[in-house]
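Quick caveat, the model's predicted, so the values are computed rather than measured. Order of the sequence lines fixes the chain letters, A, B, ..., with proteins taken first and strands second; residue numbering starts at 1 for each chain. Side-chain atoms are counted along with the backbone in the values below, which use heavy atoms only and exclude waters and symmetry mates.
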Amino acid sequence: MPELPEVETTRNGIAPHIEQQRIEQVVVRDTRLRWPVPEDLAHLAQGRTVLAVTRRAKYLLLALDNGNLIIHLGMSGSLRITQTKQQPEKHDHIDIAFAGGKCLRFRDPRRFGCLLWSQQNPLMHPLLASLGPEPLDDCFSGEYLHLRAQGRSIPVKTFIMDQHIVVGVGNIYANEALFLTGLHPLVPAKTISREHFGQLIAAIKSVLSRAIAQGGTTLRDFVNEAGKPGYFQQALNVYGRSGQPCKRCGTTIRSLRMNQRASFFCPLCQNGG
DNA sequence: AGTGCGGCCTGTCCGC
DNA sequence: TGCGGACAGGCCGCAC
């Protein structure tokens, strides 16, 4: 399930293959993603050149010389660099074929992802315009989180997964960051001190950076541009480890459900706020 | 305005 | 061996 490290891994992988390359053909086999793929996508993109591949939150942004593609990988999406002549497989919904035979191939079995066109600055697109700061930016600080948490009674885990507060922190890394900080996931956001938020910020930056360095986390779906999995799952302390001993103190890791999502924590290491 | 939840999807796993 | 149901969850959009 692609979170920020997996999207960044994908960006790092595809950029050198497609930047400054000319799009020869676009093939859309299934338009039924989270939002319909634009009907005129081929007309818009064919013959154009990819100028740059950037990332904002979990969105990949392909700047063409006449507009922008906005891509979200959803839950099960992946982008791979293949040869155009290579036979597409089930769930390979979109091909962007380049001069020279390389192809950017979008696969998404569950179709929670999207591919949209933005004529103007994609950062102004309604989906992106009101997003919170990037977690690895310097402006994302304990002071900022503390300010935003004033009057918020929601659990801290829900708080840091809110894309309007900070982007890119999904379920896996929220669980891991809270473990590293010693915060129970249900602690109300407004009760956490600025100092404790400072530690939480450091944990978020640390876990995201290390996950990027490891090529992301692969639980079932995620593969990089070459079809290879990430390795950070080996470093997970709590996610998916319900019933297993805490790597720090040996206490049995427990889980609970909040907002229809699994939360994992060590009852001893994460004893409150 | 803040909060919580339904819905979108398919593959995998589990119990019968 | 087949089948139904639970589960996985990012995130919009809606209801309260």
Asks: Going by an N to O cut-off under 4.0 Å, is there a salt bridge joining A:Arg80 and A:Glu225?
Replies: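 Here A:Arg80 does not pair with A:Glu225 in a salt bridge, since their nearest N and O are not under 4.0 Å apart.
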Asks: Taking the inter-plane angle between the rings of A:Phe264 and A:Tyr239 on a 0 to 90° scale, is it parallel (under 30°), tilted (30 to 60°) or perpendicular (over 60°)?
Replies: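 The arrangement is perpendicular - the two ring planes meet at more than 60°.
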Asks: My validator wants the stems of DNA chain C: runs of 3 or more consecutive Watson-Crick or G-U pairs, both distances under 3.5 Å, written as range with range.
Replies: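 Consecutive-pair runs (3 or more) involving DNA chain C: B:2-16 with C:2-16.
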Asks: If the test is side chain to side chain contact (heavy atoms under 4.5 Å, CB included), which one of A:Leu145, A:Ile160, A:Leu131 qualifies with A:Ile165?
Replies: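 The passing option is A:Leu145.
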Asks: Under 4.0 Å, heavy atoms only, any strand: does A:Arg111 hit a base, just the sugar-phosphate, or nothing?
Replies: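 Here A:Arg111 touches the backbone only, sparing every base.
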Asks: Could you tell me whether A:Lys90 contacts a base, only the sugar-phosphate backbone, or nothing, with contacts defined as non-hydrogen atoms closer than 4.0 Å?
Replies: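 Since only primed, P, OP1 and OP2 atoms lie under 4.0 Å of A:Lys90, the category is sugar-phosphate.
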Asks: Would you mind classifying the nucleic acid contact of A:Leu73 as base, sugar-phosphate or nothing, using non-hydrogen atoms under 4.0 angstrom?
Replies: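 No contact.
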Asks: Considering only NZ, NE, NH1 and NH2 on the basic side and carboxylate oxygens on the acidic side, decide whether A:Glu134 and A:Arg56 come within less than 4.0 Å.
Replies: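 So A:Glu134 pairs with A:Arg56 through a salt bridge.
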Asks: Below 4.0 angstrom from OP1 or OP2 of B:dC5, is there any side-chain N or O of A:Arg261?
Replies: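 For A:Arg261, the contact criterion (side-chain N or O under 4.0 Å from OP1 or OP2 of B:dC5) is not met.
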Asks: Given B:dT10, is OP1 or OP2 found less than 4.0 Å from the side-chain N or O atoms of A:His91?
Replies: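 Checking B:dT10 against A:His91, no side-chain N or O comes under 4.0 Å of OP1 or OP2.
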Asks: Within the structure shown, what part of the strands sits under 4.0 Å from A:Ser153 by heavy-atom distance: base, sugar-phosphate, or nothing?
Replies: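 The residue A:Ser153 makes sugar-phosphate contact but no base contact.
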Asks: So what does A:Phe159 touch, heavy atoms closer than 4.0 Å: a base, only the sugar-phosphate, or nothing?
Replies: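 No contact.
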Asks: Report the distance from atom CE of A:Met161 to atom P of C:dA8, rounded to the nearest whole Å.
Replies: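 Between P of C:dA8 and CE of A:Met161: 13 Å.
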Asks: Check every strand shown and say whether A:Arg152 touches a base, only sugar-phosphate, or nothing at a heavy-atom separation below 4.0 Å.
Replies: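 The answer is sugar-phosphate, as A:Arg152 gets under 4.0 Å only of primed atoms, P, OP1 or OP2.
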Asks: Which heavy atom of A:Leu33 sits nearest a heavy atom of A:Gly113, and at what distance?
Replies: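 Distance-wise, the nearest heavy atoms are CB-O, 3.3 Å.
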Asks: If you look at every heavy atom in A:Glu3 and A:Gly168, which pair is closest and at what distance?
Replies: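 Looking at all heavy atoms of both residues, the shortest contact is CB-O, 4.0 Å.
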Asks: I'd like to check, for A:Phe112, whether its ring lies over the base of C:dC11 with centroids under 5.5 Å apart and a plane angle smaller than 30°.
Replies: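 The base of C:dC11 is not stacked with A:Phe112 (the test needs centres under 5.5 Å and planes under 30°).
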Asks: For C:dA8, does the base pair up with any side-chain atom of A:Arg110 as donor and acceptor (N or O, under 3.5 Å, distance only)?
Replies: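 Answer is yes: a donor-acceptor pair is held.
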Asks: Let me know, please, whether A:Trp35 or A:Arg257 comes out on the 5' side of the other along DNA chain C by nearest nucleotide.
Replies: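 Looking at DNA chain C, the more 5' nearest nucleotide goes with A:Arg257.
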Asks: Does this structure show an ion pair linking A:Arg107 with A:Glu89, if we count only N-O contacts that are shorter than 4.0 Å?
Replies: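 Between A:Glu89 and A:Arg107 there is a salt bridge, with a charged N closer than 4.0 Å to a carboxylate O.
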